[in-house]
Each structure stands twice: as structure tokens, then as C-alpha cells.
Amino acid sequence: MYLLLQHIPLWFMSTKPDRRMESISRHSLFRDNKLFSLSPSLSHYHTKPWTSMVGVAAPPRARPEKIQAIDLPVVDLSRRSEAAGRIVAACEKYGFFKVVNHGVPWELVASVEEQGLMFFNKPSADKLKAGPANPYGYGSKNIGFNGDIGEVEYLLLGANPNLFDMSQRAKSISNHDPEKFSWAMRAYIAALRDVVCEILELMAEGLTMADGSAFSRMIRAADDDSVLRLNYYPPLSSPPIAIGRDRRKEAVGDSKVGFGEHSDPQILTVLRSNDVDGLQISLEDGVWIPVPADPIALWINAMTNGRFLSVRHRVLTNPNKMRMSVAYFAAPPLHARIASPPELVTPQRPALYRPFTWAEYKSTAYSLQLSDTRLNLFRMA
Ligand SMILES: C=C1C[C@]23C[C@@]1(O)CC[C@H]2[C@@]12CC[C@H](O)[C@@](C)(C(=O)O1)[C@H]2[C@@H]3C(=O)O
Ligand SMILES: O=C(O)CCC(=O)C(=O)O
Ligand SMILES: [Fe+2]
């Protein structure tokens with residue numbers, strides 16, 4: 001299993017400029033670094049077409065795109081003495097890493113996969129009974145509320161049992177055995193929350209923070225706003241269609257874009273998939289790094305006040321095989337105040353972003369498109 005700890009631009013703001021800010025792409029006039037990503041979270045780009053900003057037509061040229069294979073960092077949670085240092089190093093370099101020996105029982109992982117597949121294999125009319133995703137429920141092709149489209153079906157579920165009634169929701173998801181569905185999801189969420197908190201505590205340790213539970217406490221709060229997402233990418237049923245310059249739905253080689261380029265807004269994302277590739281991260285504009293599928297690992301992506309990178313990612317569909325992923329997005333309570341930890345703010349490295357609440361940041365994220373940047377909107381003058 002891979003833990004994909006995605007970025008939550010919450011806590012650490014660093015003054016280190018994001019490499020991506022230095023390049024101006026066809027689609028983005030500027031990009032900012034993630035505030036707080038610890039791991040391979042996604043970065044934020046400002047992606048309004050430059051034509052809309054300068055009022056002239058862009059020359060019709062293809063977006064240069066390179067695929068580059070690299071060895072991504074691996075953190076072995078059973079080797080505690082080195083885990084904190086490895087997490088910080090991975091977050092500083094990539095904002096993304098793989099976690100092995102995470103302790104989530106395989107039976108639990110298999111049961112979530114089985115329940116997910118049972119749902120996605122149902123006839124379309126049955127699946128629609130679990131929708132729309134507003135914000136929770138079943139969605140197909142439409143991602144979010146602002147016109148993003150991908151070759152993906154998904155289930156969005158609340159991960160806080162105090163705020164989301166999984167048993168009730170399961171009745172519209174599984175006509176076969178709703179109790180089995182809700183048990184599997186609840187148990188998996190509980191296990192992943194423990195992994196997330198362990199990683200956040202190791203991060204705090206690696207950053208030599210005085211309060212080692214400063215991050216994990218937000219996720220353990222009774223009113224945390226975490227989310228579980230099941231994504232299903234069907235194999236290609238028709239040849240990929242390149243849709244002009246509309247990057248919200250485009251074809252790449254023999255694949256279609258399942259989930260377009262974006263960064264996750266939460267503190268940390270933990271991602272596990274079946275053994276079908278498709279996930280890619282971007283560390284540099286136009287360069288995509290494939291993340292090899294590993295069903296027994298977890299991928300993590302997270303963020304901090306600019307000290308750690310926030311990884312942008314996307315998913316391409318596999319022409320022949322279906323991919324299914326399960327992402328746990330660890331988020332604080334809506335009222336939680338997000339600010340740089342004092343340890344990370346110095347005269348040499350002042351806070352880059354003004355403090356904000358998770359509610360404020362989340363509603364900004366949800367008012368934008370998938371690939372839009374958000375963090376610049378919170379930047380100090
Ligand atoms: C286009 C969007 C979909 C998204 C909300 C947003 O406006 C921008 C962030 C997107 C994202 C990415 C990570 C998670 O999958 C997600 C649930 C989230 O919290 O932010 C999705 C949102 C979504 O699919 O509704
Ligand atoms: O399906 C995947 O592998 C990644 C999905 C993702 O990025 C997301 O749900 O935010
Ligand atoms: Fe994501």
C-alpha cells in the first residue's frame with residue numbers, strides 16, 4: 001500500500017521559493033509553493049489561460065510533456081529510529097513518499113477493495129441512486145462543482161463518524177450488504193487515521209517541534225473534516241479523443257485523463273491503489289513522474305509553510321485495465337486555525353501566508369477549478 005500524504009497547506013510556511021514559480025508555462029503565469037505540504041502533496045498553480053489575462057490569442061502549440069522515471073522515497077514505519085528524518089527529507093525534496101510496513105491489516109485493505117468493486121460494477125442506474133456527490137455520494141466524470149471532467153467514477157464519504165452516518169449512506173450504495181460496506185469503510189478509516197497521526201507526529205519530531213502532537217491533534221479532533229474517496233478508472237472503451245487545448249479533458253498518448261492535474265487541499269493524503277499504474281506526480285513544469293502501483297504500500301502527500309513541497313498529481317487511465325484507488329484526506333475541523341508553527345518562522349524565514357481557518361481555505365479551493373492555485377490568495381502582502 002502506498003500512503004499518499006497530500007499536502008495541506010497548513011502549518012509550515014517556508015520562504016523557499018517553489019521551483020515552479022520560476023517557470024512560466026503556457027497555462028500558468030505563476031505558481032506558488034505549497035504552504036505546508038509535507039509530502040508529495042500537490043502544488044498550486046495559477047492556471048488561468050494567459051490569453052484571458054492579456055486578451056490576445058495564444059499560439060496553437062502543443063504543451064511539451066516529458067515522462068521521467070525516478071526512484072521515489074520510501075519510508076519504512078517499522079524502522080522508527082530513521083522514519084522521522086526520512087519523512088522530512090522526502091517532504092523537502094518531493095512532498096511525496098511511499099510508506100511500507102504501515103500496519104494496516106491486509107484483510108481490511110482487501111475488504112475495502114472488494115466493497116468498492118462491488119459498487120462500481122453495478123449497473124449505472126443503480127450507482128446513480130448513491131449520487132449526486134454534493135458533497136458526499138457517487139459522482140461520474142464531473143469532478144467538483146466548477147466544470148472539471150475526467151474519466152473517473154467515484155464515491156465521496158465523510159470520514160468522521162460523528163458527522164457522517166456511514167450506515168445510512170451505505171443503504172444507497174450497497175443493496176447487497178450495506179452493513180458489510182459500512183463496517184469495511186469505518187474500520188479502514190480508523191486504521192488510516194492512526195497511520196496519518198503517526199506520520200504527522202514523526203514529521204513534528206523531524207522538524208523538532210516543541211509540540212509533537214500539534215498536527216495529529218487536529219486529525220484526532222472530534223469534529224475533524226476528513227474525507228474518504230474511492231476512485232474507479234474504467235479501461236478505455238473508445239479511442240482517446242484530444243479535445244483541443246481544454247486541459248480539463250485531454251488525451252495523453254494511449255490514455256485519457258482520469259483525474260486532472262491538481263493538488264489536494266487537505267493536510268495529508270494517504271493513497272492506496274490496486275496494482276494498475278496511472279498516478280503521476282509533477283515536480284517540475286511539464287515533467288511527469290509515474291508512480292508505480294504497489295497494492296501493499298501507501299503513498300503520502302502533505303504540506304508545510306513552504307518548507308516542504310506540495311506535489312501536483314494526476315491520474316491517466318490504463319487502456320486495458322481498470323484502476324481503483326482509495327484516498328483518505330486528513331483534514332482539521334472547519335474552525336481550526338491554520339498558521340505556521342512558531343518553530344518554522346524566523347526573521348530569515350518569515351511566514352509567507354496569513355493565518356486562515358480550514359473553512360476559509362476549503363471554500364476557496366472548492367470555488368476554483370481542479371488545477372487552479374489557491375495559496376497565493378493567502379499570501380502576505
Ligand atoms: C474541482 C474541485 C474538486 C475538488 C474541489 C475542487 O474545487 C478543487 C479541489 C478538489 C479536491 C481534490 C482532492 C479531493 O479529491 C477533493 C475531494 C478535495 O477535497 O479537493 C477534491 C474536490 C472534489 O472532488 O469535490
Ligand atoms: O486515483 C488516484 O490514484 C489519485 C486520486 C486523487 O488524486 C484524488 O482523489 O485526489
Ligand atoms: Fe488528489
Side-chain angles (χ1 to χ4, degrees), residues 1-9 34 37 39-45 47 95-96 116 120 131-159 225-234 248 257-282 290-295 297-303 310-318 322-332 334 358-359 361-375:
M1 224 197 249
Y2 284 98
L3 287 178
L4 175 65
L5 296 183
Q6 286 178 351
H7 44 316
I8 277 189
K34 231 169 185 171
S37 293
S39 61
S41 38
L42 316 180
S43 59
H44 314 274
Y45 294 67
T47 53
F96 187 81
F120 290 118
N134 62 351
Y136 299 125
Y138 170 72
S140 175
K141 295 203 163 111
N142 294 306
I143 301 173
F145 307 104
N146 305 306
D148 286 288
I149 292 170
E151 291 299 320
V152 64
E153 293 180 42
Y154 59 90
L155 267 178
L156 272 167
L157 304 166
D225 188 41
S226 303
V227 173
L228 189 76
R229 176 179 200 130
L230 280 71
N231 291 313
Y232 175 82
Y233 305 92
R248 285 177 293 155
V257 174
F259 208 122
E261 180 177 348
H262 68 285
S263 66
D264 298 344
Q266 293 81 5
I267 290 176
L268 197 79
T269 302
V270 181
L271 182 76
R272 185 265 166 189
S273 78
N274 67 352
D275 62 354
V276 175
D277 293 343
L279 178 65
Q280 300 182 336
I281 62 168
S282 170
V291 177
D294 181 347
L298 300 172
W299 285 105
I300 308 297
N301 118 24
M303 55 180 159
S310 171
V311 168
R312 288 178 76 78
H313 54 279
R314 70 177 183 184
V315 178
L316 301 185
T317 60
N318 184 294
M322 72 81 192
R323 171 182 170 89
M324 195 173 90
S325 69
V326 181
Y328 174 79
F329 301 99
L334 287 170
W358 166 239
Y361 188 74
K362 184 180 175 184
S363 70
T364 301
Y366 275 68
S367 70
L368 298 171
Q369 287 195 308
L370 209 48
S371 64
D372 284 339
T373 190
R374 314 144 193 147
L375 223 42

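Atom set for the values below is all heavy atoms of this structure, side chains included, hydrogens, waters and symmetry mates excluded. Ligands are counted one by one from 1 in listed order, and the atoms in each one are counted from 1 as well. Heads up: numbering here begins at 1 and tracks the sequence.
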Any side-chain heavy-atom pair from [X] and [Y] closer than 4.5 angstrom?
{"X": "R314", "Y": "S371", "answer": "no"}
{"X": "K141", "Y": "E151", "answer": "yes"}
{"X": "Y233", "Y": "S325", "answer": "yes"}
{"X": "V227", "Y": "L157", "answer": "no"}

Residue part near ligand 1, for L370, under 4.0 Å between non-hydrogen atoms
both
Region of R229 engaging ligand 1 - heavy atom pairs below 4.0 Å
side chain
Please identify which atoms of ligand 2 are closer than 4.0 Å to at least one heavy atom of [X].
{"X": "F329", "result": "8 (C), 9 (O), 10 (O)"}
{"X": "V315", "result": "1 (O), 2 (C), 3 (O), 4 (C)"}
{"X": "R229", "result": "9 (O)"}
{"X": "S325", "result": "1 (O), 2 (C), 3 (O)"}

Can you say whether the rings of Y138 and F120 are parallel (under 30°), tilted (30 to 60°) or perpendicular (over 60°)?
tilted
Less than 4.0 Å is my threshold; does some heavy atom of R314 fall inside it relative to ligand 2?
no
Atom of N274, atom of A293 and distance for their closest heavy-atom approach:
O-CB, 3.6 Å
Which of these, F259, Y154, Y232, Y233, has its nearest heavy atom closest to atom 1 (O) of ligand 2?
Y233
